[in-house]
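In what follows, a structure is listed as structure tokens, so that the remarks can point back to it.
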Amino acid sequence: MRDNIYVTLIVLLAPLSLASIGGATGIYAPLQHETVETLGWITQREFIDLFAVSRLTPGPSSMLAPLIAWKVAGLAGATVAMIALYLPSSLLCYGVARVWEKHRGKPWHRACEAGLTPVAAGLVFAGVAALLRIAGSGPMTWATLIIVAGLLTWKPKLHPFPLLGAGALVFLLARGFWI
Amino acid sequence: MPDTKPVPLLALFRVFFQIGVLSFGGGLVSWIHREVVTARGWMTDAEFLSGMSLSQVLPGINSTNTSIFVGQRLRGALGAAVCLGAMLLGPFIAIILAGFTYKTLLGVSGFPALVEGVGAVAMGLLTRLGIKAARTVKLGLSPAAATLATFVGVAVMRWPMLAVVAVVAPLSVWAAWPSGTAKDAADA
């Protein structure tokens, strides 16, 4: 098992790389099923803990997969997981991006650009809705969401990082933690 | 035009490394849009948003795919590799560090509140990007209908995203065909 744990990681994550359309939310369920129930690498409790931790680290939320890999197979495992998770979809995306770029300026390209943008807007809103389902959607979350979106629409060049800090602080204070 | 001279690879690395390190709570696509379009003008809104749309319907994570589109547009294959690698480097180091310390982290009593607060702000960042995308489009019945149909199909009806996009996107592109050419060129 120890010898082919890397192979197992690749077999597990490379298909997820190509199956995860529209964001990381789609990989949580299969990841949980495989690592907890099928492979028994971690317990359900550990999965929930690592999920929570991965939500407070920066970067894409799919980093949960390399985090689990680190837990079961160390630094090498985490590296293998990164490659298995991001390389297949990235190569495919690069291929599409190249073709897209080559045809820039042609009428069909402009029509696609104009036609795809409203679809993207709908997908972004759907992504927010998915996050609201995962992360909970209390009145404070809604208020923060609306204030941040409004503030940035008014002043687009505001840096998001202080906003993140302020959001964290407000939630800490509201939940009764005085720091 | 934003691309009079090529963006240095080092600048791409710096910007995307920073995005990776600072983007707590997710919503990376909105960070990329802010840094690349709003703050630096390396791409136009139309260029970015169309790349982002394709990124979302392609397999893979939206943010990594979008970084590849941006890198490819600005500096070709090398640019794509630099943007992707730089954006993932910081988070990779962060999860290794988190792996060592997560038991302590989880013991901090304010941890759930912290996750909640950061997550709520990240949702606000994404919402703002959605508003931006919706407003970039010329006013009209079909773009609004495409946005609404996509949202309702994916978020309300919970139909598979690929199926929703496979129906809505061709209709939306078809609706944009006759008038969406000369005017867009003038806007860009």
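Within every chain, numbering begins at 1; the chains are lettered A, B, ... in the order of the sequence lines, protein sequences first and strands thereafter.
Distance check: Leu158(A) CG to Thr38(B) OG1 gives 11.0 Å after rounding to the nearest 0.5 Å. Remark: Met123(B) CE to Trp142(A) CH2 distance equals 9.5 Å, nearest 0.5 Å. In this structure, OH in Tyr102(B) is found 6.0 Å from CG in Asp49(A), a value given to the nearest 0.5 Å. Put simply, OG1 on Thr57(A) and CD1 on Ile93(B) are 12.5 Å apart, with the number rounded to the nearest 0.5 Å. A distance of 5.5 Å separates SG of Cys93(A) from CG of Leu58(B), quoted to the nearest 0.5 Å. From Arg104(A), atom CZ reaches atom CZ of Arg73(B) across 4.0 Å, with rounding to the nearest 0.5 Å.
Checked against the 6.0 Å centroid criterion, the rings of Trp70(A) and Phe92(B) do not qualify as a close aromatic pair.
Heavy atoms closer than 4.5 Å to chain A are found in the side chain of Ala80(B), but not in its backbone. If you measure heavy-atom distances from Leu148(B) to chain A, you find no contacts under 4.5 Å at all. In this structure, the portion of Leu106(B) lying under 4.5 Å from any heavy atom of chain A is its side chain and not its backbone. Interface remark: Ser54(A) contributes no atoms to any contact with chain B (heavy atom separation under 4.5 Å). Contacts of Ala149(A) with chain B are made by both backbone and side-chain atoms, with heavy-atom separations under 4.5 Å. Both the backbone and the side chain of Met63(A) come within less than 4.5 Å of a heavy atom in chain B. Interface residue Lys157(A): backbone and side-chain heavy atoms are both found under 4.5 Å from chain B. Using a 4.5 Å cut-off between heavy atoms, Leu114(B) contacts chain A through both its backbone and its side chain. Proximity to chain B involves both the backbone and the side chain of Val53(A), based on heavy atoms less than 4.5 angstrom apart. Interface remark: His159(A) contributes backbone and side-chain atoms alike to the contact with chain B (heavy atom separation under 4.5 Å). Heavy-atom distances place the side chain of Leu84(B), and not its backbone, under 4.5 Å from chain A. Proximity to chain A is limited to the side chain of Ser63(B), based on heavy atoms less than 4.5 angstrom apart.
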Trace of the side-chain contact (heavy atoms from CB on, under 4.5 Å) decision for Ile61(B) with Tyr86(A): CA-CA 8 Å; Ile61(B) 310 301; Tyr86(A) 294 117; 3.9 Å; yes
Test log, rule side-chain contact (heavy atoms from CB on, under 4.5 Å), inputs Phe69(B) and Val96(A): CA-CA 9 Å; Phe69(B) 264 95; Val96(A) 174; 4.2 Å; yes
Full working for side-chain contact (heavy atoms from CB on, under 4.5 Å) between Phe125(A) and Ile131(B): CA-CA 9 Å; Phe125(A) 290 130; Ile131(B) 294 170; 4.2 Å; yes
Verdict with supporting geometry, Leu152(A) and Arg34(B), side-chain contact (heavy atoms from CB on, under 4.5 Å): CA-CA 10 Å; Leu152(A) 283 171; Arg34(B) 183 204 177 265; 5.9 Å; no
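Using a 4.5 Å heavy-atom threshold, the side chains of Leu123(A) and Asn62(B) count as separate. Taking 4.5 Å as the limit, some side-chain heavy atom of Pro60(A) sits within range of a side-chain heavy atom of Leu28(B).
Contacts with chain A were tallied for Leu126(B), Asp45(B), Thr150(B); Thr150(B) has the most, counting heavy-atom pairs under 4.5 Å. Among Pro170(B), Ala133(B), Gly51(B), the residue with the largest count of heavy-atom pairs under 4.5 Å with chain A is Ala133(B). Taking Ala155(B), Gly119(B), Ser23(B) one by one and counting their heavy-atom pairs under 4.5 Å with chain A, the maximum is reached by Ser23(B). Ranked by heavy-atom pairs under 4.5 Å with chain A, the list Thr127(B), Thr64(B), Leu49(B) is led by Thr127(B). Most heavy-atom pairs under 4.5 Å with chain A: of the set Ser109(B), Ala149(B), Ala98(B), this distinction falls to Ser109(B). Heavy-atom pairs under 4.5 Å with chain A peak, among Ser50(B), Ser30(B), Ala146(B), Pro112(B), at Ser50(B).
Within 6.0 Å of CZ on Arg98(A) lie no more than 12 heavy atoms contributed by other residues, nucleotides or ligands. Heavy-atom contacts from other residues, nucleotides or ligands closer than 6.0 Å to CZ of Arg158(B) number 12 or fewer.
Applying the ring pair (Phe, Tyr, Trp, His ring centres under 6.0 Å) rule to Phe48(B) yields the partners His33(B); only residues at least two apart in sequence or on another chain are considered. Considering only residues two or more places apart in sequence or on other chains, Ser53(B) meets the side chain to side chain contact (heavy atoms under 4.5 Å, CB included) condition with Leu116(A), Ala120(A). The side chain to side chain contact (heavy atoms under 4.5 Å, CB included) search around Val115(B) returns Arg55(A), Leu56(A), Phe111(B), not counting sequence neighbours.
Proximity to chain A among residues 13-22 of chain B is limited to Gly20(B), Val21(B), Leu22(B), judged by heavy-atom separations below 4.5 angstrom.
Classification of the Phe161(A)-Phe24(B) ring pair by plane angle, with boundaries at 30° and 60°, yields tilted.
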